[in-house]
*Asks:* 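Once you've had a glance at the structure underneath, I'll fire off some questions.
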Amino acid sequence: NDLRRRDRIVRYKPYVPKEGEDPMAEYMNLLAMLFSMCGLMMRFKWAAWAAVYCAFIGFSNSRSSEDTKQIFSSFMLSISSVVMSYLQSPTPMAVSYFS
């Protein structure tokens, strides 16, 4: 009494990326979003600057066919995290591990 249809079973095949696909832009956009959230919520200036850095790398590695709204939003979120962290405390970022 097996009700499964044997002709409908499709065997799983893992995804193999094509030759020209490089996920670096997506990873950098994700890191930019994470760092900018850390910069906004926890007021870490280094995280805000890391977000700007990752957003620039993600923008430079992106293809023209990708979604430009996501790239633009990660870039603007990283810029806003830098602006908000310096509006909260305008003192320069202290490098405490050198002193």
Side-chain angles (χ1 to χ4, degrees):
N1 274 348
D2 192 9
L3 298 178
R4 294 178 285 186
R5 292 183 273 178
R6 298 284 179 195
D7 58 331
R8 294 293 212 170
I9 296 174
V10 178
R11 191 154 180 87
Y12 171 74
K13 295 177 189 171
Y15 175 72
V16 178
K18 296 180 182 117
E19 192 68 34
E21 291 183 12
D22 186 23
M24 177 64 77
E26 287 88 7
Y27 292 152
M28 285 297 145
N29 281 333
L30 179 67
L31 278 176
M33 295 275 188
L34 290 174
F35 279 135
S36 60
M37 283 299 161
C38 286
L40 280 173
M41 301 293 177
M42 298 179 210
R43 294 178 182 84
F44 291 150
K45 291 180 183 176
W46 62 267
W49 284 111
V52 171
Y53 183 71
C54 289
F56 272 125
I57 292 174
F59 175 71
S60 63
N61 285 334
S62 67
R63 293 176 292 279
S64 62
S65 62
E66 284 186 14
D67 187 22
T68 56
K69 281 191 255 182
Q70 182 182 359
I71 296 167
F72 185 71
S73 66
S74 76
F75 185 71
M76 290 307 292
L77 186 64
S78 64
I79 293 294
S80 67
S81 69
V82 169
V83 168
M84 290 306 291
S85 65
Y86 278 96
L87 281 177
Q88 296 283 326
S89 62
T91 59
M93 190 167 61
V95 185
S96 60
Y97 51 86
F98 282 132
S99 56

*Asks:* With the 4.5 Å side-chain cut-off for hydrophobic clustering, are Leu77 and Leu30 part of the same group?
*Replies:* no
*Asks:* If I take atom CG from residue Asn61 and atom CE from residue Met24, how far apart are they, to the nearest 0.5 angstrom?
*Replies:* 6.5 Å
*Asks:* So which heavy atom on Ser85 is nearest to which on Gly39, and how close?
*Replies:* CB-O, 4.4 Å
*Asks:* So which atom in Ala55 and which in Ala32 form the shortest heavy-atom distance, rounded to 0.1 Å?
*Replies:* N-CB, 3.7 Å
*Asks:* Do you know which of Cys54, Ser74, Ser62 makes side-chain contact (heavy atoms from CB on, under 4.5 Å) with Asn29?
*Replies:* Ser74
*Asks:* Using the rule that two of Ile, Leu, Val, Met, Phe, Trp, Tyr join whenever any of their side-chain heavy atoms come within less than 4.5 Å, decide whether Phe72 and Leu34 are in one cluster.
*Replies:* no
*Asks:* Can you find a pair of side-chain heavy atoms, one from Phe56 and one from Phe75, that are under 4.5 Å apart?
*Replies:* yes
*Asks:* With a 4.5 Å heavy-atom cut-off, do Phe35 and Trp46 have their side chains touching?
*Replies:* yes
*Asks:* Kindly compute the distance separating CG (Leu31) from CD (Glu26), expressed to the nearest 0.5 Å.
*Replies:* 12.0 Å
*Asks:* Can you run down the side chain to side chain donor-acceptor pair (under 3.5 Å) pairs that involve residues 35-45, sequence neighbours left out, and say none if there aren't any?
*Replies:* Arg43-Gln88, Lys45-Ser89
*Asks:* Within a reach of under 6.0 Å around OH of Tyr86, are more than 12 heavy atoms found that belong to other residues, nucleotides or ligands?
*Replies:* yes
